[in-house]
There are 2 protein chains.
Amino acid sequence: MRKHAGHTTLKDVAEAAGVSISTVSRAFSNPERLSPATVQHVKEVAARLRFSVNPVAKALITGTSSNIGLVVPDISNPYMSTLLKAAQAHSRGRGIGVFAADTDENASTEREVCDQLAKQTRGLVLCSSRMSVTHIRELAELIPLVLVNRVVKGVPSLYSDSTAALYELVDELVDLGHRHLAYMPGPVQSWTNKQRSRAISKRVAARGAELVTLASTSPSYAGGRAAAPQVLESGATAVMAFDDVLASGLVEGLRRLDCSVPRDISVTGHDDVLAELVYPGITTVTGQSVRIGRLAVDWLLEDPIGDDSESALTRVVEGRVIRRGSVAAPPSPVSSPP
Amino acid sequence: MRKHAGHTTLKDVAEAAGVSISTVSRAFSNPERLSPATVQHVKEVAARLRFSVNPVAKALITGTSSNIGLVVPDISNPYMSTLLKAAQAHSRGRGIGVFAADTDENASTEREVCDQLAKQTRGLVLCSSRMSVTHIRELAELIPLVLVNRVVKGVPSLYSDSTAALYELVDELVDLGHRHLAYMPGPVQSWTNKQRSRAISKRVAARGAELVTLASTSPSYAGGRAAAPQVLESGATAVMAFDDVLASGLVEGLRRLDCSVPRDISVTGHDDVLAELVYPGITTVTGQSVRIGRLAVDWLLEDPIGDDSESALTRVVEGRVIRRGSVAAPPSPVSSPP
DNA sequence: GAATGTAGTGCAAACGTTTGATACTGTCCA
DNA sequence: TGGACAGTATCAAACGTTTGCACTACATTC
């Protein structure tokens, strides 16, 4: 900050321009209350002195800052980095800075980070928060909040609903002849994981097929890869993974076991990130990261004049299926010799 | 921030504890100047009132904040997200928050972002900065800076030097029999790109082989994939890519052209991120993202008592080769029928 | 020609801290 | 008994803004 070099302040500009501090301040924040001539003069002097207002002093006096915080469990997940990039670009367009923080999937780290952020930002976007409902509510008392991909009653919540898309996917798999499906779960604390799991098991049951939920692993590529033996053991002919990261890890793990996707096993992912990077491309559901990133920022910055009814506190974008090459009919059963 | 709820202040605590504001302040910032009894009493009251100091007021008065900024050209590049995570975790351990910003590979966005950040942070880590030397120097006057993977005279610069590792890689390729190598470049403004390009062409020339530098593409997976036809056309039997992202894109692009890695063409990457995710695993050079992230933070936070000699302004970590499955001997030339 | 209105500008308080200077209270020693 | 000296605690100024209020000067109205 300063100390390093004497930043120019309102006072410097005021002296140089021969006006009062308030006048300089108003030249920037409230120019219509000044004569056009004064405004122009002040702005010229300010530009010459390379003045720009000190955001921390401004934040202190106005009680609000031009920064928002964005908290994510894991920024190396491409879904999150895409969302962050979108949110950031969008905010910049509105003169708002984004304070991004990674919590390493850890609820208590998340809490610390949020407390820290709450006092320096105008609001927080919490992505896939791992905190307890209680803590989230508590935080919401302190600072405006938008929850992404999680719903907590009474707190603005924005998520991508992929129920319909997952139904569609299950239907396609069953229609292709799959009778034994598996679900590869994401982080246990994840709200989204519960949603996806529920949607899938509901539809699989409705279609009279069988679903086994695999043991939960690290929500990473390595985690997905490591789960491959477990998948084979389960006897499933199609695996629906929590997200693309797990799905692509699984595909690689299966390959190492000489099991080919989609010939031997079908695999689906979620979020449509990374899914086109691997071979074969993975059939997935869009996660709408870009759109959600922008919407979250907009909502957070919205004037809270809107009604507070429960329905107004939930916003949804719909996911849809993206078909790539990781799904096929199950291998025809080869009767093993008795 | 506040306005939403009445944050408790020093004043509130002071009243509740029956002491002066300064005493409360010192209970936190300078407890040895108070009697132990007072300190304990104040801290109890403060805890009961859930008080914690307002960082913006503190920043204003002390002229320094407990936040640092970290600026990256593209956070979705796994090298950068790994570095960010490391820097952030490390900073948190030291009570420092990290303000992360993505510049979309754009020098002018970067400049804006830095100016904005400069006034609210105690220092900036600029990763693979795309700004001009002039702008960087200008910024360094304003605020403590650490440059990562770029060297500018007079400004603290930290980078991973992979010259030796690249020499080693070139040697291995040539020793395997490759005579026609290609370099797939990264972003043109990238300092690292120049370094890698120079090291490779120097060594290839020294070994009497031929090197063609491909046209530069978007530094993304899609960019690498799209360059595959150009690679085939070049006649090279081994391609050294700027980084793993490009390398893995290229492998996929080649596969789509029915060209197998490493049977038909050898490919190497750089940074050791993503390189194990794809098939085949890509032979690469470590980028030391985690170590660099931590070192950068440490350096930025160091008391600047050290000498300012030129040598003290450069810190280096060495890259080393990681061998995976993407390198082999060139295919034996099949004489086409006349 | 006095009263009123209005546009432009300045004064000073406030935001929540930190911190050097200062005041208070004992204790100890001469 | 008085003075010196710690050890504690308070006072008040400062950081760089914003903003309600007051003030000036001039134009307009009666």
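The sequence lines fix the lettering, A, B, ..., with proteins before strands; numbering per chain opens at 1.
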Next item on the list: Kindly point out which of D:dT17, D:dA9, C:dT18 is positioned nearest to the side chain of B:Thr38?
Entry: D:dA9
Margin query: Regarding B:Ser22, tell me which of base, sugar-phosphate or nothing describes its non-hydrogen contacts under 4.0 Å with the strands shown.
Written below: base
Next item on the list: Rounded to the nearest angstrom, tell me the gap between atom NE2 in A:His41 and atom C1' in C:dG8.
Entry: 16 Å
Margin query: Any carboxylate oxygen within less than 4.0 angstrom of a Lys/Arg side-chain nitrogen, looking at B:Glu302 and B:Arg315?
Written below: yes
Margin query: If I take atom CD1 in residue B:Ile21 and atom C1' in nucleotide C:dA14, what distance separates them, rounded to the nearest angstrom?
Written below: 13 Å
Notebook entry, point to check: Across the strands shown, which category fits A:Leu10 at heavy-atom distances under 4.0 angstrom: base, sugar-phosphate, nothing?
Noted result: base
Next item on the list: Using a heavy-atom cut-off of under 4.0 Å over every strand shown, decide if A:Ser25 touches base, sugar-phosphate, or nothing.
Entry: base
Next item on the list: May I ask you to say what B:Phe51 touches in the nucleic acid, namely base, sugar-phosphate or nothing, with a heavy-atom cut-off under 4.0 Å?
Entry: sugar-phosphate
Next item on the list: Return the value, rounded to whole Å, for the distance between atom CD of A:Glu32 and atom P of D:dT19.
Entry: 12 Å
Next item on the list: State, yes or no, whether a side-chain contact exists between A:Asp104 and A:Asp74 at a heavy-atom distance under 4.5 Å.
Entry: no
Checklist line | Protein-nucleotide distance (B:Leu34, atom CG; D:dG7, atom P), rounded to Å | finding: 14 Å
Next item on the list: For the side chain of B:Asn54, starting at C-beta, report the closest nucleotide among D:dC11, D:dG20, C:dG16.
Entry: C:dG16
Note to self: Using whole Å, what does the distance between atom C1' of nucleotide C:dC15 and atom NE2 of B:His7 come to?
What the structure shows: 14 Å
Note to self: Testing the 3.5 Å rule here: is there a donor-acceptor pair between the side chains of A:Ser25 and A:Ser22?
What the structure shows: no
Notebook entry, point to check: Between C:dG8 and A:Ser35, is there an OP1 or OP2 to side-chain N/O distance shorter than 4.0 Å?
Noted result: no
Note to self: Without decimals, in angstroms, what is the distance between B:Arg26 CZ and D:dA12 C1'?
What the structure shows: 12 Å
Checklist line | D:dT10 phosphate, OP1 or OP2, under 4.0 Å from B:Thr23 side-chain N/O | finding: yes
Checklist line | Test: A:Glu138 and A:Arg111 ion pair at under 4.0 Å | finding: yes
Margin query: Closest approach to the side chain of B:Leu60, judged atom by atom: which nucleotide of D:dG16, D:dT18, C:dT9 is it?
Written below: D:dG16
Margin query: What I want to find out is whether A:Lys85 reaches B:Glu105 closely enough, with some N-O distance under 4.0 Å, to be called a salt bridge.
Written below: no
Margin query: Within the structure provided, determine whether B:Leu70 and B:Ile68 are in side-chain contact (heavy-atom separation under 4.5 Å).
Written below: no
Next item on the list: Nearest whole angstrom, please: distance from the P of D:dT18 to the NZ of A:Lys58.
Entry: 5 Å
Checklist line | 5' precedence on DNA chain C between A:Val39 and B:Val53 (nearest-nucleotide basis) | finding: A:Val39
Note to self: Side-chain N or O of A:Thr9 versus OP1/OP2 of D:dG16: is the shortest distance under 4.0 Å?
What the structure shows: no
Next item on the list: Give the nucleotide from the list C:dC15, C:dT9, C:dA21 with an atom nearest to the side chain of A:Arg33.
Entry: C:dT9
Next item on the list: Assign each of A:Val24 and B:Gly18 to its nearest nucleotide of DNA chain D by heavy atoms, then name whichever residue's nucleotide is nearer the 5' end.
Entry: B:Gly18
Checklist line | Separation of atom CZ in B:Phe28 from atom P in C:dT19, rounded to whole Å | finding: 15 Å
